[in-house]
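One structure is given here, and the rest of the page talks about it.
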2 protein chains.
Amino acid sequence: MPTMTDVAKRAGVALSTVSYALNGTRPISDETRQRIFDAIEELGYKPHALARGLASKRSRIIALLFPNSERGLGFTEFEFVTSAANAAKENQYSLVLWSYDMHDLPELLQLTQQGLVDGVVVMEVHQHDKRIAMLREMGFPFSMIGRSDDADGMGYVDIDFHQTMQDAIDHLAGLGHHTIAFVNQSESAFSAGYGPVVRSQVAFERITQERGLDGITQFCRTAPNAGYNAFNALIEAHPDLTAIISLNERAVPGILQAVAERGWSVPDDFSLVVVVSAAGMAEMIIPPLTALEPLTNDMGRRGVELLIHQLEGRAEADPQALIPCRLVVRSSTGPSPLIPARQRVTVSR
Amino acid sequence: MPTMTDVAKRAGVALSTVSYALNGTRPISDETRQRIFDAIEELGYKPHALARGLASKRSRIIALLFPNSERGLGFTEFEFVTSAANAAKENQYSLVLWSYDMHDLPELLQLTQQGLVDGVVVMEVHQHDKRIAMLREMGFPFSMIGRSDDADGMGYVDIDFHQTMQDAIDHLAGLGHHTIAFVNQSESAFSAGYGPVVRSQVAFERITQERGLDGITQFCRTAPNAGYNAFNALIEAHPDLTAIISLNERAVPGILQAVAERGWSVPDDFSLVVVVSAAGMAEMIIPPLTALEPLTNDMGRRGVELLIHQLEGRAEADPQALIPCRLVVRSSTGPSPLIPARQRVTVSR
DNA sequence: CTGTTAGCGCGTTCAT
DNA sequence: ATGAACGCGCTAACAG
């Protein structure tokens, strides 16, 4: 591997001149620049990333903090990752996937202190997030996918859960549904203050109330059989229920199964809309699901761009972005079934 | 940030002694070692990753080559990524996600020459893979998830497609199915020599022939509507068809839909088994799919371990691993329907 | 506009 | 068993 010294010799200039030519850090005459680039070309020279990082104190590496929770990342989160990787590369940064236990603060501390990365993008942010508190206290550059409660002035991209929930509810209400359940994720995620779970919950309660609808909440583990049980519990307690909004991708198959076992069909007898679920997911189901799909590409991308702008001192007019979800009507939602048509089935339980 | 010099001063030893103590590169008296570690503790010293990498010529960073193909990565591939990330971290390596255009050789060349990573794990390997040829020619350390045709002596983890296909076929044959179709991925992937597509295809043809079964091949784009069309084409040309094996996750919803539209039900009238599809996927479908599930965790993990062992000169007894898939019987396969029961439906087309 | 030089933080050879 | 000193490849003052 040729080094910068080799290039300098070949071009007949000083080492530093090569450096300046490469980084554009100071003006170089066209003629010498040409000689330098010729030499680089001929030698096949490539700057050494580590050496550059050591000297400049900027590695051009960022980390995506990636919790290896048992819950497991879903399809949607995966798309954050790939879009983040793409965005990093487009900005000439490398993206390291830092898989770690969310509660292991010491490990995060180490990451920030070993000088490997210039900043971090934090995923799965909670309302009171110790990691955020720590990073901020240290003054270590970061951005969030999601947001904590004390996120004022800090850079984040998050989904606009209120708007999303409103769109979902209005879609159903527009179809005549009046009693609507929200199948959230687990109650423990709620207690832990996991952003999407809490914000959606709050929005659901508020909006159903504003609209004068009958809104029912059901927490549910993120697994098909949990969805199955959730539906049965709901329908038993609320025979008028005609529609579900689910923030819980993994529960959906169970819900559908329970619906089918009752002899009902979707969307004729029951409607289901998933919120904050990637398109790839909604299309895997039969019937294809009506969904509120986040622009996942924007999420990962914006997250790293926010961080990079911050690292490069480029002021960001508005470092906070709430991304809307797009309503895609597929085949899992329809008009509310009429009450009479329903009762015969309900009793057959 | 304290440096090694600070530690040395505080412990009253030479800089190099600290280095030796840290790396265990040479014997240190218990007493001075203790002093050194005390100093490290008190100062909160953390070795600087870049400096260490520069000096040692080993960055302890590896890259996962991650094609950003239009086709999009599926659930299954995603699990490779997360398991690779976990394995890297357990071995004290950082994993950078290198998203790039598979055909952009210059970019790969650059990655290997900029001194950032010690080696790469290549995903989505093709039979004649220019990337592999290049890496090998350069002598750059790498391992593969998948394998090329000339993989002799090189490290890889791949799925045992032959065994997997055999298990799938035998499962169906055991249920009395005789005419079985294989819904592969796109023909262009086949022509391009994409490993899973080619190897599964070969295995399918060979095994059905050995078993005296009627094996039909159907290429199919990786999208639901393509699956829909594929099924209709198949059933029209082969009215005896009673079962499908699919390597094509994304096509499954379309297939199921087409089956349903024919008034058939799964698994009573038709059986479907997916191969090489992560459990998370098979459970998202209704009915839950009988599947041959790869131990995805092992795939990503073994890929990075192979690479790391190679980097650290630890001889690997057998640097090649064929991972089997596990047959999980769910609700999409059943006994072959009897011919008579069938015909009335077939004509109603 | 260009050259000289001192680090960046750590690994490692050579002495002792 | 320990120290001193050099070098990894590059950036960024400082000096013309």
Side-chain angles (χ1 to χ4, degrees), chain A residues 1-37 39-40 43-61 92 94 110 112-118 311-313, chain B residues 1-37 39-40 43-61 92 110 112-118 311-312:
Chain A
M1 279 298 84
T3 109
M4 223 160 102
T5 314
D6 300 329
V7 175
K9 277 200 197 112
R10 193 129 175 36
V13 297
L15 172 69
S16 60
T17 306
V18 177
S19 171
Y20 290 125
L22 239 32
N23 303 316
T25 321
R26 87 183 180 188
I28 302 281
S29 78
D30 283 351
E31 193 227 344
T32 55
R33 193 212 315 288
Q34 193 51 53
R35 281 218 313 284
I36 290 174
F37 281 116
I40 289 180
L43 294 172
Y45 165 80
K46 298 281 187 305
H48 187 109
L50 296 185
R52 181 191 288 233
L54 180 58
S56 67
K57 305 196 162 302
R58 311 206 37 246
S59 66
R60 295 192 77 85
I61 304 177
Q92 276 101 258
S94 297
Q110 157 151 3
T112 60
Q113 295 193 144
Q114 70 185 17
L116 180 65
V117 301
D118 294 338
L311 289 174
E312 306 196 332
Chain B
M1 280 297 83
T3 110
M4 224 158 95
T5 314
D6 300 328
V7 176
K9 276 200 197 115
R10 195 130 173 35
V13 297
L15 172 76
S16 58
T17 307
V18 178
S19 172
Y20 291 127
L22 238 35
N23 304 315
T25 319
R26 91 183 177 189
I28 301 281
S29 77
D30 282 351
E31 193 226 345
T32 53
R33 192 211 317 286
Q34 194 52 54
R35 281 218 313 285
I36 290 174
F37 281 116
I40 289 179
L43 295 171
Y45 165 80
K46 298 282 188 302
H48 187 110
L50 296 185
R52 179 186 285 223
L54 180 57
S56 69
K57 306 201 162 296
R58 313 209 36 249
S59 65
R60 296 192 77 83
I61 305 176
Q92 276 99 256
Q110 158 150 4
T112 61
Q113 295 194 144
Q114 72 185 16
L116 179 66
V117 301
D118 293 338
L311 289 174
E312 306 196 332

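Quantities reported herein were computed from a predicted structural model and do not represent experimental measurements. Chain naming here is simple, since letters A, B, ... match the order of the sequence lines and numbering starts at 1 in each.
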When you measure from the side chain of A/His48, which nucleotide among D/dT2, D/dG9, D/dG3 comes out closest?
-> D/dG9
First contact, last contact: which nucleotides of DNA chain C are these for chain A, 5' to 3', heavy-atom distance under 4.0 Å?
-> C/dC1 to C/dG9
Hey, could you give me each pair passing side chain to side chain donor-acceptor pair (under 3.5 Å) that has a residue in residues 1-10 of chain B? Not counting sequence neighbours.
-> B/Thr3-B/Thr5, B/Arg10-B/Glu42
Could you list the residues that satisfy side-chain hydrogen bond (donor to acceptor under 3.5 Å, both in side chains) with B/Ser29, not counting sequence neighbours?
-> B/Thr32
Identify whether any heavy atom of B/Ile28 sits under 4.0 Å from a base atom; if not, whether one sits that close to sugar-phosphate; answer base, sugar-phosphate or nothing.
-> sugar-phosphate
Partners meeting side chain to side chain contact (heavy atoms under 4.5 Å, CB included) with A/Ala51 (sequence neighbours left out) | A/His48, B/Leu54
Under the side chain to side chain contact (heavy atoms under 4.5 Å, CB included) test, which residues partner B/Gln114, sequence neighbours left out?
-> A/Ala49, B/Trp98, B/Gln110, B/Leu111, B/Leu116
Heavy atoms under 4.0 Å, any strand shown: does A/Leu22 hit a base, just sugar-phosphate, or nothing?
-> nothing
Mind calculating the distance between CG (A/Asp118) and C1' (D/dT11) to the nearest angstrom?
-> 15 Å
For the helix from C/dC1-D/dG16 to C/dT16-D/dA1, how many degrees between its two end axes (five pairs per end), to the nearest 10°?
-> 40°
Quick one: are B/Met1 and A/Gln113 in side-chain contact, heavy atoms under 4.5 Å?
-> yes
Residues in side chain to side chain contact (heavy atoms under 4.5 Å, CB included) contact with B/Ser59, at least two apart in sequence or another chain = A/Leu50, B/Ile61, B/Asp118
Return the 5'-most residue of the pair A/Pro47, B/Pro27 with respect to DNA chain D, ranking by each residue's nearest nucleotide.
-> B/Pro27
Could you check whether A/Met4 gets within reach of a base, just the sugar-phosphate, or nothing at all, counting any heavy atom under 4.0 Å?
-> base
Which heavy atom of B/Arg60 sits nearest a heavy atom of B/Gln92, and at what distance?
-> NE-O, 3.1 Å
In residues 19-28 of chain B, what donor-acceptor pairs under 3.5 Å come from side-chain atoms, sequence neighbours left out?
from: B/Ser19; atom 1: OG; to: B/Asn23; atom 2: ND2; distance (Å): 3.4
from: B/Asn23; atom 1: ND2; to: B/Ser19; atom 2: O; distance (Å): 3.1

With sequence neighbours excluded, residues passing side-chain hydrogen bond (donor to acceptor under 3.5 Å, both in side chains) with B/Glu31 = B/Arg35
From A/Met4 atom CE to A/Leu43 atom CG, the distance as rounded to the nearest 0.5 Å = 13.0 Å
Within a strict 4.5 Å, meaning less than it, do heavy atoms of the A/Glu312 and A/Arg58 side chains meet?
-> yes
Using a heavy-atom cut-off of under 4.0 Å over every strand shown, decide if A/Val18 touches base, sugar-phosphate, or nothing.
-> nothing
Look for any protein N or O under 3.5 Å of an N or O in nucleotides 12-15 of chain D and output each such pair with its distance, or none.
from: D/dA12; atom 1: N7; to: A/Tyr20; atom 2: OH; distance (Å): 3.1
from: D/dA13; atom 1: N7; to: A/Tyr20; atom 2: OH; distance (Å): 3.2
from: D/dA13; atom 1: N6; to: A/Tyr20; atom 2: OH; distance (Å): 2.8
from: D/dC14; atom 1: N4; to: A/Arg26; atom 2: NH1; distance (Å): 3.3

Tell me whether the OP1 or OP2 atom of D/dG9 has a side-chain N or O from B/Lys57 closer than 4.0 Å.
-> yes
Proximal nucleotide (of D/dA4, D/dG9, D/dT11) relative to the A/Arg52 side chain = D/dT11
Is the distance from OP1 or OP2 of D/dA1 to the nearest side-chain N or O of B/Thr32 less than 4.0 Å?
-> no
